Amino acid sequence: MSDISTGTAAPATEAEVQPPSRRAWLGLAVILLAAFMELLDVTVVTVASPEIQSSLHASYAHVQWVLAGYQLTFAVGLVAGGRLGDIYGCRRIFVYGVLAFAGTSLLCGLATTGTQIVLFRLLQGFAAALMFPQVVSIIHVTFMGKHRAAAFGALGGVTGLAGIAGPLVGGALIDLDLFGSSWRMIFLINLPIGLLAAVGAVLLVTEWKSEQRPRLDLPGTALGTLAVTLVIFPLIQGRDADWAWWIWAVLALSVPVLYLFWLHQRALERRGGWPVIDLALFRGGAFGVGLVVQFMCFAGVSAFFLVLAVELQAGYQWSALRTGLAFLPIAFGTGMASGIAIPLLPKLGKKVLQGGAVVMILGMIATMVTLDMFPNDLTFWKLAPAGTLVGLGLGLIVTTVNDVVLAEAVGPSAGSAAGVQATVGQAGNAVGVAILGALFFSLLSGNASTAAQDEMPGFRRELSQVSVSAQTAESLERSVVTCFADQAAADDPGKLRPSCIALLAEARQNANPAVAQLVDKTLKKTQQQHFSSSMKTALFYEIAVYIVVFLLVFLLPLRRGLQAGSSH
């Protein structure tokens, strides 16, 4: 049978041992093109989020859902997608998934409201979950021996390239504004790529089905989806709902639903069915701890990318392209650390992962120090050292976490373990975006009045230097504080609040033209200071996450002799 992330296949036939044909290599190129498209869509959205928010007059909650919603549905659909490939054929489900991904990308590109694009991103995540498991399964059943290693190496390269290229490609497409499309082109470009991949798969990829014909556990999939949604939904919507009682009730409801999921899996296992999760994996203890490590590792990655993109674009008014370029030091550090981690893993085992957690913590501290030193004149070069450090930590983690977590999952359980691990990693991304996003955006709205008050002494001095009367200065101060607080608390920050419209009118009506310039300068400076301060506080979440990772890894076996990428 082919499992969802490893594609563990039936014993190889004599024909499969032979060197792959030219058609097989062309088929690999086709499915890797689709994989690149799907993986790119995860990171490309981080840079586009502020543009999407401004264009659609969306809320901060919508911004979180655009990223976390996709990762949520992708996570919960992975197991089902892999099983459907086993039942109906990997190539068939791959083609359906690619076409669905292209179609939902078109819908995302045509969205006109925040609610619409969130809905379409949820559907896009399900389409990705149909497509991506088939990529791994097709490679596994098409290639053998050293050729399989080369094929999986190519998949690893595509995965890394997509992560590196995403922010830059997104920034470039938005900056180019092809056909006046702005951010929409990051989705619309998937349409021709998806069609090309679907046609290429039909012509070049050989069909394969599992002989065992496993069944799809729909009730288990539904319960698992519901449990994760009950965690993510209140975390994202809590700020907009002013953390009402029902938000906490929904969050608490996730516990009994998760317990029902566990009971269902146990019952299905006793009946000899096909549960979503192979519960035998958890009986040794180490794999369960490993999944928590996996979850925590990824709970910090996408979340950091999202708040950094919002910080630079919304806080500092950087363009999408400039923001994409700011991610290059992170990409550079990730690539460099991956090359270091691969030879170290067989010698040091889990200590490499712990080293990555330590370096990530240092990277977050360096980012906080940079924001503290340059709150009003942040540049690419000032941010680059901290970004490189974050990239080094990230590279050490993502290169080794799969092998460390799966070290105890061997034999017939290995395939199921890889599937569960992939799902948990994606769920960690979604939950991390929900938690850090909620913290960051709550700080932006909750501390806005205090941030504006802190800037008023300097504003008052500058007004006095241009001979503004004390009475007028006092009125302008009150108006600036009210405007800044109202705008920060707005559900749609792209829409100017009435108090800000009144402030601008008051400044323009003043006989002294320098007053309007001072108001604009003060609002800009206050915004930069406020975003910088909010992000510095929010990054304590990242530090806490990787401290937990460092400590949890002590509970895992050392397991020297691991090979980077062996989980494939």
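Predicted, not measured: the structure shown is a model, and the values here were computed from it. Count residues from 1 along the sequence.
Side-chain atoms of Q134 come within 3.5 Å of backbone N or O of G81 as a donor-acceptor pair. Of the possible donor and acceptor atoms, none in the side chain of S532 sits under 3.5 Å from a partner among the backbone N and O of Q528. In terms of modelled atom types and a separation under 3.5 Å, the side chain of S181 and the main chain of L178 share a donor-acceptor contact. Judged purely by atom type and a 3.5 angstrom limit, S442 has no side-chain atom pairing as donor or acceptor with the backbone of L439. For S254 (side chain) and L251 (main-chain N/O), a donor-acceptor pair under 3.5 Å exists by modelled atom type.
Using a 4.5 Å heavy-atom cutoff, the side chains of L523 and L503 are in contact. Considering only heavy atoms from C-beta on, E38 stays 4.5 Å or farther from N190 through its side chain. When side chains are defined from C-beta on, F459 does not count as touching K525, because their heavy atoms never get closer than 4.5 Å. A heavy-atom distance below 4.5 Å is not found between the side chains of T379 and F374. Side-chain atoms of I501 and R497, non-hydrogen and from C-beta on, never get closer than 4.5 Å to each other. Side-chain contact check for T104 versus F120: every heavy-atom pair is 4.5 Å or farther apart. Residues M373 and V369 have side chains in contact (heavy-atom distance under 4.5 Å, counting atoms from C-beta outward). Using a 4.5 Å cut-off on side-chain heavy atoms (C-beta onward), L107 and F187 make no contact.
For the atom pair CD1 of I232 and CG of L72, the computed distance is 4.5 Å after rounding to the nearest 0.5 Å. Interatomic distance, L389 CG to T367 OG1, rounded to the nearest 0.5 Å: 8.0 Å. One distance of note links CD1 of I117 with OG of S55; it measures 8.5 Å at 0.5 Å rounding. To the nearest 0.5 Å, atoms CD1 (I174) and CD (E51) are separated by 5.0 Å. With rounding to the nearest 0.5 Å, the separation of CE in M456 from CG in L476 is 9.5 Å. Here CD of E462 is found 5.5 Å from CG of L518. Values are rounded to the nearest 0.5 Å.
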Problem set entry | Pair V359-Y546, side-chain contact (heavy atoms from CB on, under 4.5 Å): steps then yes or no | CA-CA 9 Å; V359 177; Y546 289 107; over 6 Å; no
For this session: Show your working on side-chain contact (heavy atoms from CB on, under 4.5 Å) between F94 and I31 and close with a plain yes or no.
Result: CA-CA 9 Å; F94 173 83; I31 62 173; 3.7 Å; yes
For this session: Check step by step if side chain to side chain donor-acceptor pair (under 3.5 Å) holds for Q529 and D454.
Result: CA-CA 10 Å; Q529 291 273 14; D454 291 342; over 6 Å; no
Exercise. Between F484 and Q527, does a side-chain contact (heavy atoms from CB on, under 4.5 Å) hold up when you go through it step by step?
Worked result: CA-CA 8 Å; F484 193 80; Q527 178 169 281; 4.0 Å; yes
For this session: Please lay out, stage by stage, how Q116 and T112 fare under the test side chain to side chain donor-acceptor pair (under 3.5 Å).
Result: CA-CA 7 Å; Q116 283 182 6; T112 56; 3.1 Å; yes
Exercise. Passes side-chain contact (heavy atoms from CB on, under 4.5 Å), V433 versus N429? Steps please.
Worked result: CA-CA 6 Å; V433 168; N429 272 328; 5.6 Å; no
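A donor atom on one side chain and an acceptor atom on the other are not found under 3.5 Å apart for S182 and D177. Side-chain contact, S59 with H62: a donor N or O sits under 3.5 Å from an acceptor N or O. For the residue pair E506 and S479, a side-chain donor N or O sits within less than 3.5 Å of a side-chain acceptor on the partner.
Shortest non-hydrogen contact noted between P234 and I247 is CB-O, 3.4 Å. Looking at every heavy atom in both residues, S302 comes nearest to Q71 through OG-NE2, 2.9 Å. Across P50 and A309, no two heavy atoms sit closer than the pair CG-O, 4.0 Å. Looking at every heavy atom in both residues, F101 comes nearest to S105 through O-OG, 2.7 Å. M535 and V307 make their closest contact through CE-CG2, 4.0 Å (heavy atoms, listed as atom of the first residue, atom of the second, distance). Of all heavy-atom pairs spanning G69 and L122, the tightest one is O-CD2, 3.4 Å.
The only option from L173, D175, L176 that meets the side-chain contact (heavy atoms from CB on, under 4.5 Å) definition with L321 turns out to be D175.
Within a 6.0 Å radius of NZ in K382, more than 12 heavy atoms belonging to other residues, nucleotides or ligands are found. Other residues, nucleotides and ligands contribute over 12 non-hydrogen atoms within 6.0 Å of the NZ atom of K536. Within a 6.0 Å sphere centred on CZ of F332, other residues, nucleotides and ligands contribute 12 heavy atoms or fewer.
Every residue meeting the salt bridge (Lys or Arg N to Asp or Glu O under 4.0 Å) condition with R121, not counting sequence neighbours, appears here in chain and number order: D41. Applying the ring-ring contact (aromatic ring centres under 6.0 Å, His included) rule to W246 yields no partners; only residues at least two apart in sequence or on another chain are considered.
Relative orientation of the F440 and F531 rings is perpendicular, given thresholds of 30° and 60° on the angle between their planes.
For an aromatic pair to be called close, the ring centres must be under 6.0 Å apart, and F327 with F305 satisfies this.
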